[in-house]
2 protein chains.
Amino acid sequence: MLPTTGLPQGAVPKLERPGPLRDRVYEALLELITTRALQPGQHLVESELAGHLGVSRQPVREALQRLSTENWVDLRPAQGAFVHEPTEAEADQLLTVRTLLEAEAARLAAAHARAEAIIALEELCTEGERAVAADDVDGAVAMNARLHAKIMELAGNEVLAELAARVDRRVRWYYTPVARQRGQQSWTEHRELIAAITARDERRATAIMRAHTEHTRKMYHEREK
Amino acid sequence: MLPTTGLPQGAVPKLERPGPLRDRVYEALLELITTRALQPGQHLVESELAGHLGVSRQPVREALQRLSTENWVDLRPAQGAFVHEPTEAEADQLLTVRTLLEAEAARLAAAHARAEAIIALEELCTEGERAVAADDVDGAVAMNARLHAKIMELAGNEVLAELAARVDRRVRWYYTPVARQRGQQSWTEHRELIAAITARDERRATAIMRAHTEHTRKMYHEREK
DNA sequence: GATGTGTCTTTTGCCTACAGTCCACGGCGC
DNA sequence: GCGCCGTGGACTGTAGGCAAAAGACACATC
């Protein structure tokens with residue numbers, strides 16, 4: 001166990017490495033897009049972004065490529081990158097897929113969940129409810145994301161998790177205005193879901209998760225009017 | 001209808017545009033990977049590939065980035081790209097997701113399908129059976145892909161289609177040896193599936209598609225022994 | 001003989017530079 | 001005045017080049 005140095009485990013502060021520049025650019029741009037700082041349809045000029053971020057065009061290009069494969073930007077050949085414009089139809093389809101993935105995750109979680117995992121879920125749920133009670137909207141949204149992530153983790157399917165993470169992030173982008181509104185009801189549904197998982201009731205877990213995400217869809221369409 | 005030029009429709013050979021170089025490199029590499037010309041775990045050196053393809057390193061880099069987002073290669077920082085090594089667990093998870101996506105597609109197709117679409121499906125099915133009868137394995141595999149693609153098209157969910165296409169391609173990579181074996185049974189299942197879609201029976205279509213892809217999983221595991 | 005160290009090579013990460021392409025604007029003919 | 005063509009600017013696509021990091025190997029040391 002490398003005892004030769006005699007240094008305690010945490011003595012070396014791990015020498016924080018900034019990581020590849022392209023990844024940081026990617027995250028920066030994604031942040032700018034999701035926060036609406038870069039608006040849908042906007043033309044993203046490589047040299048501009050590069051100058052603004054203090055890097056060269058190359059990392060920016062690579063970040064844009066990646067963003068385009070995940071449909072955050074549309075990359076028209078010889079014309080550049082444009083922030084993707086959400087469509088009504090697309091939002092709907094995306095939500096359908098999300099429902100599908102989350103429901104399957106719930107089913108798998110119900111099939112595999114152990115006692116300690118369920119305790120963790122309930123803790124997350126409690127914290128979420130506390131955030132709602134305190135009118136901490138950002139906190140509630142964050143806890144919601146963590147709860148869903150935990151369920152996905154319990155499902156134990158990494159491929160599914162990766163897909164769901166991507167879809168989820170985009171859904172959140174489309175539905176940010178909506179997500180903030182439905183605080184209260186969402187968490188009572190979460191309780192039911194955890195109960196179903198605890199009971200190992202796969203069918204009920206699936207059904208609840210389906211209904212849960214479908215509610216989001218309804219709220220979106222009601223808001224349209 | 002633009003009669004000013006007086007040229008017949010097909011006179012201009014569409015001015016074949018090669019398209020961005022990175023895309024062609026991407027497709028070339030993907031082809032090399034799926035055909036096992038580049039073996040799993042192999043270290044892909046940018047300058048080598050660039051020289052071999054007759055282009056500079058930049059398009060190769062961009063292609064590799066894209067391949068890495070789709071998990072065809074693993075991109076270790078400061079170390080380069082390595083062809084992804086399939087795992088037993090991963091193959092299983094991937095197939096689970098595929099089952100999920102295809103089953104949903106079948107359900108949606110059953111919900112939306114029109115008469116003319118069903119005719120198209122049956123034609124594809126007939127052609128597939130003919131290929132099997134003629135021992136045309138490659139043809140049968142191709143028709144299989146087209147049939148599934150058609151069903152996905154009928155589902156009318158582009159987001160779902162895109163995801164399924166990616167998952168499918170990787171599944172095919174993992175399961176190529178298997179796919180060639182199960183010719184006959186596969187097509188009788190297809191017939192049943194079309195029947196269910198024709199009858200607008202969403203539940204039956206889902207169930208059949210589930211069973212259909214699950215059979216693939218079984219064959220894979222039997223082959224292991 | 002085993003271990004640690006220094007150097008050397010290879011390969012990536014990033015930057016800069018040049019060529020090709022598309023769009024917009026203005027002039028020209030009708 | 002209206003439409004078409006040519007020209008200019010801006011941006012992307014691609015290439016080449018340099019510095020830094022990671023791995024390999026030989027050598028010195030214990």
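Residue numbers start from 1 in every chain, and the chains themselves are labelled A, B, ... in the order their sequence lines are given, proteins ahead of strands.
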request  = Any chance you could lay out the side-chain hydrogen bond (donor to acceptor under 3.5 Å, both in side chains) test for B:Gln65 and A:Gln65, step after step, and finish with the verdict?
outcome  = CA-CA 8 Å; B:Gln65 301 276 340; A:Gln65 302 274 340; over 6 Å; no
Between side-chain atoms of residues 104-112 of chain B and protein atoms elsewhere (two or more places apart, or another chain), which donor-acceptor pairs fall under 3.5 Å?
residue, atom, partner, partner atom, Å
B:Glu104, OE1, B:Arg107, NE, 3.3
B:Glu104, OE2, B:Arg107, NH2, 3.0
B:Arg107, NH1, B:Glu202, OE1, 3.0
B:His112, ND1, B:Leu108, O, 3.2
B:His112, ND1, B:Ala155, O, 3.4

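In this structure, the side-chain contact (heavy atoms from CB on, under 4.5 Å) partners of A:Ala161, at least two apart in sequence or on a different chain, are A:Met152. Every side-chain contact (heavy atoms from CB on, under 4.5 Å) that A:Leu49 has, sequence neighbours left out, goes to A:Leu29, A:Leu44, A:Val60. Taking A:His212 as the reference, A:His148, A:His190 meet the ring-ring contact (aromatic ring centres under 6.0 Å, His included) condition, with sequence neighbours excluded. Residues satisfying the side-chain contact (heavy atoms from CB on, under 4.5 Å) test with B:Ala37, not counting sequence neighbours, are B:Leu32, B:Thr35. The side-chain contact (heavy atoms from CB on, under 4.5 Å) check on A:Val45 picks up A:His43, A:Ser47, A:Glu48, with sequence neighbours excluded.
Following rounding to the nearest Å, A:His43 (NE2) and D:dT12 (C1') show an atom-to-atom distance of 9 Å. When the P atom of C:dT12 is taken as reference, atom CG of B:Leu75 falls 9 Å away, rounded to whole Å. When the P atom of D:dG13 is taken as reference, atom CZ of B:Arg22 falls 5 Å away, rounded to whole Å.
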Can you check nucleotides 7-10 of chain D for protein contacts, nitrogen or oxygen pairs under 3.5 Å, and list what you find?
none

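Taken residue by residue, residues 44-66 of chain A places heavy atoms nearer than 4.0 Å to DNA chain D at A:Leu44, A:Val45, A:Glu46, A:Arg57, A:Arg61. The stretch residues 23-31 of chain A has no heavy atom under 4.0 angstrom from DNA chain D at all.
Sorted by first then second residue, the side chain to side chain donor-acceptor pair (under 3.5 Å) pairs that include residues 150-165 of chain B, not counting sequence neighbours, are B:Glu162-B:Arg166. Pairs engaging residues 23-34 of chain A under the side chain to side chain donor-acceptor pair (under 3.5 Å) rule: A:Asp23-A:Arg66, A:Tyr26-A:Glu70 [sequence neighbours left out]. Applying the ring-ring contact (aromatic ring centres under 6.0 Å, His included) test to every pair with at least one member in residues 85-104 of chain A, sequence neighbours left out, gives no pairs at all.
Between A:Pro20 and A:Pro77, the one whose closest nucleotide on DNA chain C sits nearer the 5' end is A:Pro20.
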